[in-house]
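Below: the structure, in structure tokens.
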Amino acid sequence: MQSKTSSCEILNKALFFKNIKRLWPMWAGYSFLLLWIMPALLWLEIHLNFTGRSYHDIYDGVLHFIYEQAQGTAVWISCIFAIIIALGNFSYLGIERSCYFFHSLPIKRGTLFGTGFLSGLSMMFIPNIVVWGISNIMCLSNNFDCIRALGNWLLL
């Protein structure tokens, strides 16, 4: 008779969505902060500086703003939320009853770790992709070519 737990399973779909449902406030907070830091402040940078300045001055200001955000605030916020989301995903290990419960399920421990890792990674990566897309659309709608600068921001 074949075992119900596969040896090569990395992701348990039910546990993945349970982690997402359980940690949605952290995910929403991270998304809100990234949306405020990058697209909202980028919009203010573009539209408040349009009066009396040339296109190249505004473009240089926008690029400087993107690189400043990439090396400054956004990296620190990402590091802090990465720690918070990792602690949330693996918080069951700190409570003895929860640890016994999760390890008694017919799921291998590697699958538990892989599911926690991939759910945390998706909670950190999806907001970055959304912010990158919104920022690119905002720059392209104002005739600024910021794809390279925003790509560097996304990699950081």
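The side-chain heavy atoms of Ser122 and Phe16, taken from C-beta on, include a pair separated by under 4.5 Å. Put simply, the side chain of Thr111 does not reach to within 4.5 Å of the side chain of Ile10, judged on heavy atoms.
Pairs engaging residues 87-122 under the ring pair (Phe, Tyr, Trp, His ring centres under 6.0 Å) rule: Phe90-Phe113, Tyr92-Phe102 [sequence neighbours left out]. Within the structure, every pair that satisfies the side chain to side chain donor-acceptor pair (under 3.5 Å) test and touches residues 125-140, not counting sequence neighbours, is listed here: Tyr30-Asn128.
Listed for the Asn142 side chain is no donor-acceptor partner under 3.5 Å among the backbone atoms of Phe144. No donor-acceptor distance shorter than 3.5 angstrom exists from the side chain of Thr115 to the backbone of Leu15, with no hydrogens or angles considered.
Tracing side-chain contacts under 4.5 Å through hydrophobic residues (I, L, V, M, F, W, Y), one reaches Ile85 starting from Leu121; they form part of the same cluster. Under the 4.5 Å side-chain heavy-atom criterion for ILVMFWY residues, a single connected hydrophobic cluster contains both Phe17 and Met124. Residues Trp43 and Ile137 do not share a hydrophobic cluster, defined by chaining ILVMFWY side chains whose heavy atoms lie under 4.5 Å apart. Taking hydrophobic clusters as Ile, Leu, Val, Met, Phe, Trp and Tyr residues chained together by side-chain heavy-atom distances below 4.5 Å, Trp153 does not share a cluster with Leu140.
Side-chain contacts under 4.5 Å among hydrophobic residues (ILVMFWY), followed directly or transitively, place Leu87 together with Ile83.
We find the SG-CG distance between Cys146 and Leu63 to be 5.0 Å, quoted to the nearest 0.5 Å. Leu118 CG to Asn89 CG: the interatomic distance, rounded to the nearest 0.5 Å, is 10.0 Å.
Trp36 is linked by a ring-ring contact (aromatic ring centres under 6.0 Å, His included) to nothing, counting only residues two or more places apart in sequence or in another chain. Among residues two or more places apart in sequence or in another chain, the side chain to side chain contact (heavy atoms under 4.5 Å, CB included) test is passed with Ile129 by Phe125, Leu154. Taking Asp145 as the reference, Tyr59, Ile147 meet the side chain to side chain contact (heavy atoms under 4.5 Å, CB included) condition, with sequence neighbours excluded. Residues passing the side chain to side chain contact (heavy atoms under 4.5 Å, CB included) test with Leu33 are Ile77, Phe81, sequence neighbours excluded. Contacts of Ile134 classified as side chain to side chain contact (heavy atoms under 4.5 Å, CB included), with partners at least two apart in sequence or in another chain: Leu35, Pro39, Val130, Met138.
Closest non-hydrogen pair, Ser119 versus Ile20, comes out as O-CD1, 4.1 Å. Residues Cys99 and Leu93 approach most closely at SG-CD2, 3.9 Å, considering heavy atoms. Of all non-hydrogen atoms in Leu41 and Phe65, the two that sit nearest each other are CB-CZ, 3.4 Å.
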Under 3.5 Å, side-chain donor or acceptor atoms of residues 21-28 against the rest of the protein: list the pairs with distances, not counting sequence neighbours.
unit_1, atom_1, unit_2, atom_2, d
Arg22, NH1, Gly88, O, 3.1
Arg22, NH2, Asn19, OD1, 3.2
Arg22, NH2, Gly88, O, 3.3
Trp27, NE1, Met123, O, 3.2

request  = Applying side-chain contact (heavy atoms from CB on, under 4.5 Å), run through Leu150 and Met38 and close with a yes or a no.
outcome  = CA-CA 10 Å; Leu150 288 169; Met38 202 58 184; 3.5 Å; yes
